[in-house]
Amino acid sequence: MNVTLLQMRVDQDEPVDSRRSRAASLVRDQAGADLVVLPELWTVGAFAFDDFPAVAEPVAPDGPTTAAMAGAARDAGVWLHAGSVVERAPGGELFNTSLVFSPDGALAALYRKIHRFGFDRGEAALMSAGTEPATVAFPAGKLGLATCYDLRFPELFRALVDAGAQALVVPAGWPARRAEHWSLLARARAVESQCYMLACCTAGSHADVPQAGRSAVIDPWGEVVAEAPDAEERVVSAEIDLGQVAEVRESFPVLKDRVL
Ligand SMILES: NC(=O)CCC(=O)C(=O)O
């Protein structure tokens with residue numbers, strides 16, 4: 001199957017509406033791919049905390065990002081992991097919520113980020129934490145969902161493996177300053193989970209935080225199959241075979257030796 005990561009530039013001088021149209025058009029350009037992935041909070045920028053309340057939107061057919069991404073998935077005929085949005089839940093709280101659409105434009109899965117970044121500031125102060133790990137079954141296999149800072153918490157990935165995930169999809173807005181952590185942890189989670197890793201980060205710079213880019217497709221043996229070389233806007237595509245997950249787990253059965 002073909003997977004395509006859209007490493008979009010998220011710069012503060014581009015209005016959100018324009019970036020939303022640009023994202024939809026980039027997705028439409030990927031007709032023929034099986035799965036397309038966008039980064040974390042690409043509408044606003046993961047570090048543009050002051051703007052979160054203004055762009056918060058419901059996850060509903062008429063939420064602007066939900067509507068645009070559902071339409072783009074349908075037009076392109078692809079499974080779309082639309083990255084994440086600032087969700088305003090019915091009770092008024094904000095969540096960092098990832099959305100997955102099927103090729104008919106239906107919302108197939110939603111994941112509210114469990115580990116919020118910022119310690120007692122930023123996202124951690126403004127947003128509520130999700131509580132439920134999420135997977136989504138699609139024709140080729142099962143995807144496990146996580147978002148950015150979640151990558152630092154291996155126990156979440158163990159839960160996704162136990163739920164049957166064969167590919168882990170991690171949209172991110174990871175800063176360039178910790179780019180080595182991003183690449184290292186993405187590979188580590190692939191190796192320890194014996195899963196594909198689809199790690200899609202933003203490019204550009206917003207809120208004075210240059211982004212890491214370096215989006216990557218990593219196989220269940222930990223080999224990097226495709227990777228953006230930098231933090232420019234890039235389309236990263238790879239052919240992957242989810243059957244490799246069972247092969248790696250059979251030929252090197254470390255997951256069977258788990259004790260705890
Ligand atoms: N948006 C994020 O979750 C940023 C995470 C990060 O910067 C880090 O883990 O380092």
Side-chain angles (χ1 to χ4, degrees), residues 4-6 8-31 33-114 116 123 126-139 143 145-148 150 169-173 200 202 206-207:
T4 294
L5 314 181
L6 299 176
M8 278 194 85
R9 280 195 78 95
V10 178
D11 296 312
Q12 214 126 4
D13 55 2
E14 180 182 26
V16 170
D17 285 350
S18 134
R19 193 155 47 247
R20 196 180 287 113
S21 313
R22 214 158 59 70
S25 148
L26 275 167
V27 171
R28 286 193 183 93
D29 289 345
Q30 310 312 318
D34 295 295
L35 173 65
V36 177
V37 184
L38 279 160
E40 180 188 30
L41 297 181
W42 54 267
T43 50
V44 62
F47 284 85
F49 309 121
D50 293 347
D51 299 336
F52 285 3
V55 299
E57 57 183 282
V59 172
D62 52 354
T65 305
T66 309
M69 294 300 106
R74 197 169 44 237
D75 292 346
V78 297
W79 281 85
L80 173 63
H81 185 309
S84 69
V85 298
V86 181
E87 177 195 0
R88 188 177 296 284
E93 325 149 75
L94 304 186
F95 290 95
N96 184 337
T97 302
S98 291
L99 307 171
V100 181
F101 296 92
S102 56
D104 60 0
L107 184 62
L110 171 158
Y111 165 67
R112 289 174 168 160
K113 185 177 182 181
I114 292 177
R116 297 156 302 159
E123 183 184 24
L126 286 165
M127 287 176 151
S128 300
T131 52
E132 298 294 323
T135 58
V136 55
F138 73 121
L143 307 178
L145 310 182
T147 307
C148 203
D150 281 334
V169 190
V170 184
C200 183
T202 42
H206 62 270

Next on the checklist: Nearest 0.5 Å, please: how far is CG in L107 from CG in L80?
Outcome noted: 10.5 Å

Next on the checklist: For the CZ atom of R88 and the CG atom of L94, what is their distance to the nearest 0.5 Å?
Outcome noted: 5.0 Å

Checklist outcome for this item: Closest heavy-atom pair, C200 versus L6, reported as atoms and distance to 0.1 Å, is SG-O, 3.4 Å

Item to check | Pairwise distance CG(L99) to OG1(T66) - rounded to 0.5 angstrom | outcome: 5.5 Å

Checklist entry - Can you tell me how far OG of S98 sits from CD of E87, rounded to the nearest 0.5 angstrom? => result 10.5 Å

Checklist outcome for this item: Closest non-hydrogen contact found for M69 with A23 is CE-CB, 4.1 Å

Next on the checklist: Using 0.5 Å steps for rounding, measure from the CG atom of L110 to the CZ atom of F101.
Outcome noted: 9.0 Å

Next on the checklist: Going by side chain to side chain contact (heavy atoms under 4.5 Å, CB included), E40 matches just one of V85, T147, V10, V170. Which one?
Outcome noted: T147

Next on the checklist: Checking side chain to side chain contact (heavy atoms under 4.5 Å, CB included) between H81 and each of L145, V136, L143, which is the one that passes?
Outcome noted: L145

Item to check | K113 vs F95, side chain to side chain contact (heavy atoms under 4.5 Å, CB included): CA-CA, chis, key distance, verdict | outcome: CA-CA 7 Å; K113 185 177 182 181; F95 290 95; over 6 Å; no

Checklist entry - Between A108 and S102, what is the shortest heavy-atom contact and its length? => result CB-N, 4.3 Å

Checklist entry - Between L41 and S84, what is the shortest heavy-atom contact and its length? => result N-OG, 3.0 Å

Next on the checklist: Strictly distance-based, threshold 3.5 Å: is any side-chain N or O of D11 a donor or acceptor partner for the main-chain N or O of D13?
Outcome noted: no

Checklist entry - Which is it for T65 and W42 under the side chain to side chain contact (heavy atoms under 4.5 Å, CB included) test, yes or no, and what are the steps along the way? => result CA-CA 10 Å; T65 305; W42 54 267; 3.8 Å; yes

Item to check | Flag, side chain of H206 to backbone of F47, donor-acceptor distance under 3.5 Å | outcome: yes

Next on the checklist: In the structure I gave you, are the side-chain heavy atoms of L38 and M8 within less than 4.5 Å of one another anywhere?
Outcome noted: yes

Next on the checklist: Quick check for you: to the nearest 0.5 Å, what is the distance between T4 atom OG1 and Q30 atom CD?
Outcome noted: 5.0 Å

Item to check | Nearest heavy-atom neighbours spanning Q12 and A207 | outcome: OE1-N, 2.5 Å

Checklist outcome for this item: Of all heavy-atom pairs linking P133 and I114, the shortest is N-CD1, 3.8 Å

Next on the checklist: E14: which residues meet the salt bridge (Lys or Arg N to Asp or Glu O under 4.0 Å) condition with it, sequence neighbours left out?
Outcome noted: R19, R22

Item to check | CA sep, side-chain torsions, deciding dist, call: R20, T43, side chain to side chain donor-acceptor pair (under 3.5 Å) | outcome: CA-CA 6 Å; R20 196 180 287 113; T43 50; 5.7 Å; no

